[in-house]
> 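I am attaching a structure below and will ask some questions about it afterwards.
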Protein chains: 2
Amino acid sequence: MDVKTLCLGVLSRADASGYEIKKAFEEGPFRHFHQASFGSIYPALNALSAEGLVEVRALAQDKRPDKKIYSLAPKGRNALLAALMTNPAPDAVRSDFLFILSFAQYLPPARVEQLINARIAWYREMLTRMEGCTSEDPAGARFVRGIGIAVYRAAADYLESHRDELLAAIGDGDLQVAE
Amino acid sequence: MDVKTLCLGVLSRADASGYEIKKAFEEGPFRHFHQASFGSIYPALNALSAEGLVEVRALAQDKRPDKKIYSLAPKGRNALLAALMTNPAPDAVRSDFLFILSFAQYLPPARVEQLINARIAWYREMLTRMEGCTSEDPAGARFVRGIGIAVYRAAADYLESHRDELLAAIGDGDLQVAE
DNA sequence: GGTTGCATGTAAATGGTTACATGATTGT
DNA sequence: ACAATCATGTAACCATTTACATGCAACC
């Protein structure tokens, strides 16, 4: 699923500028399972526009570049639907956090503790935000948010309830630098 | 965290060939949070070898290319430790599954149901494998496996207990192709 | 007879990110 | 003064994947 399709998805929810689409990937509901930067969003939007999948209207603003508001064209809606009907590629998770923790026994316990605590705090903050979200989203978005909440809560709970066990297991042995 | 560091991590657990490292990312414990293909592993191994971070010994085999067994050199161990002490980049999840589900209301319920059922089956299979893993792993690996089990279980349970609710919400409205 | 597994490697193509360029406004 | 927010866009760079090249053995 490329950035073009992702943009169509965002636009299906509401008209938006490139800048606003970027925010959807930074702060919006998509942030948890997809990401895109300006360098990919702006060219994608231009391509979509050239293909007639989206429409643009320029919104003049004082002392700022015109804001280009994109909206989904009927052809774009069909393209999105077609993409939604393809088999999803397997999920890809890249977590340096889990990779590092896999080698906890080589690390100073203080570092492991700090890593885990920071992660718990992050999950709890996300949970507060996601649970406080009382907007009447469409059914799909509500369902996906529910998965996110369930998963983040499970992860935070596990970290909290097993942290001390891990810390005890790796003891207070120092960082073992060979040589 | 690049493929070179990932390879050092795999080699810290046991000596391995490029082919075996690939398997660690396909079937091993790392598969859930990092991935790498031959096209990146083999060059990485050559670079690590040139830098003196790993050592190679060729294992002759009949009717097959020599198997090159790599092992972590002291310099490599230090490089790994240094990498483990850096701040982990934020987790990056790419899930077409969740993206597609976000738009469940546009899709035929049968498709949504099939998508969810397949995913539940996948989680349950992974859980069986992970729970059946009774090896005496180091503390870090055990802890990380515990997180994986907790998270997959939470996801599978949520999907199972909210599937019918979602299906009911999207009704039996047909695929809405505009125009 | 075709696929899968073993085993290594390269080159081209991909699909992005990062950094740069520009610039006013608002907050600290 | 400095950073952040708003706003768009390009180009260089990057890491990685995909496809190719090679070839035998075992299984179905």
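By convention in this document, chain letters (A, B, ...) are assigned in the order of the sequence lines, proteins followed by strands, and residues within each chain are numbered from 1. Please read all numbers here as calculations on a predicted model, not as lab measurements.
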> Expressed as a whole number of angstroms, how long is the span from A/K67:NZ to D/dA7:P?
4 Å
> Nearest heavy atom decides the nucleotide; on that basis, is B/K23 or B/N46 closer to the 5' end of DNA chain C?
B/K23
> Parallel, tilted or perpendicular for B/F103 and B/F99, by the 30°/60° rule?
perpendicular
> Measuring to OP1 and OP2 of D/dC6, would you say a side-chain N or O of A/Y19 lies under 4.0 angstrom away?
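For D/dC6, OP1 or OP2 has a side-chain N or O of A/Y19 closer than 4.0 Å.
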> Will you find, in the side chains of A/S49 and A/N46, an N or O donor that is under 3.5 Å from an N or O acceptor?
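A/S49 vs A/N46: no donor-acceptor pair found between side chains.
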> So if I take every side-chain heavy atom of A/Y42 and compare against C/dT8, D/dT8, D/dC6, which nucleotide ends up nearest?
D/dT8
> Could you tell me how far apart B/K22 (NZ) and D/dT16 (P) are, to the nearest whole angstrom?
14 Å
> From CG of A/D66 over to P of D/dC6, roughly how many Å is that when rounded to an integer?
18 Å
> Roughly, in whole Å, what's the span from CD1 in B/I41 to P in C/dC6?
14 Å
> With the threshold set at 4.0 Å, does a side-chain nitrogen-carboxylate oxygen contact exist between B/R153 and B/E131?
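Counted as a salt bridge, because a side-chain N and a carboxylate O are separated by less than 4.0 Å.
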> Over 60° means perpendicular and under 30° means parallel, so classify the ring planes of A/Y19 and A/F38, tilted if in between.
parallel
> Counting heavy atoms from C-beta on, name the nucleotide in D/dT10, D/dA7, C/dT17 closest to the side chain of A/S37.
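My answer, after comparing the listed nucleotides, is C/dT17.
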> What is the distance, rounded to the nearest whole Å, between atom CD1 of A/I21 and atom C1' of D/dA7?
13 Å
> B/E20 has an atom CD; how far is it from atom P of C/dG9, in whole Å?
13 Å
> Does the pair A/R129/A/E125 count as a salt bridge with the N-to-O cut at 4.0 Å?
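Yes, this pair counts.
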> Taking atom P of D/dC6 as reference, at what distance in whole Å does atom CZ of A/F38 sit?
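For the pair A/F38 CZ and D/dC6 P, the rounded distance is 9 Å.
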> Is B/S40 close enough to D/dT17 that one of its side-chain N or O atoms is under 4.0 Å from OP1 or OP2 there?
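Checking D/dT17 against B/S40, a side-chain N or O does come within under 4.0 Å of OP1 or OP2.
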> For B/S17 and C/dT8, is the shortest distance between a side-chain N/O and OP1 or OP2 below 4.0 Å?
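Yes, because at least one side-chain N or O of B/S17 sits under 4.0 Å from OP1 or OP2 of C/dT8.
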> Between C/dG16, C/dG9, D/dT18, spot the one nearest the side chain of A/V3, thanks.
C/dG16
> Rounding to a whole Å, what distance do you find between B/D2:CG and D/dT16:P?
6 Å
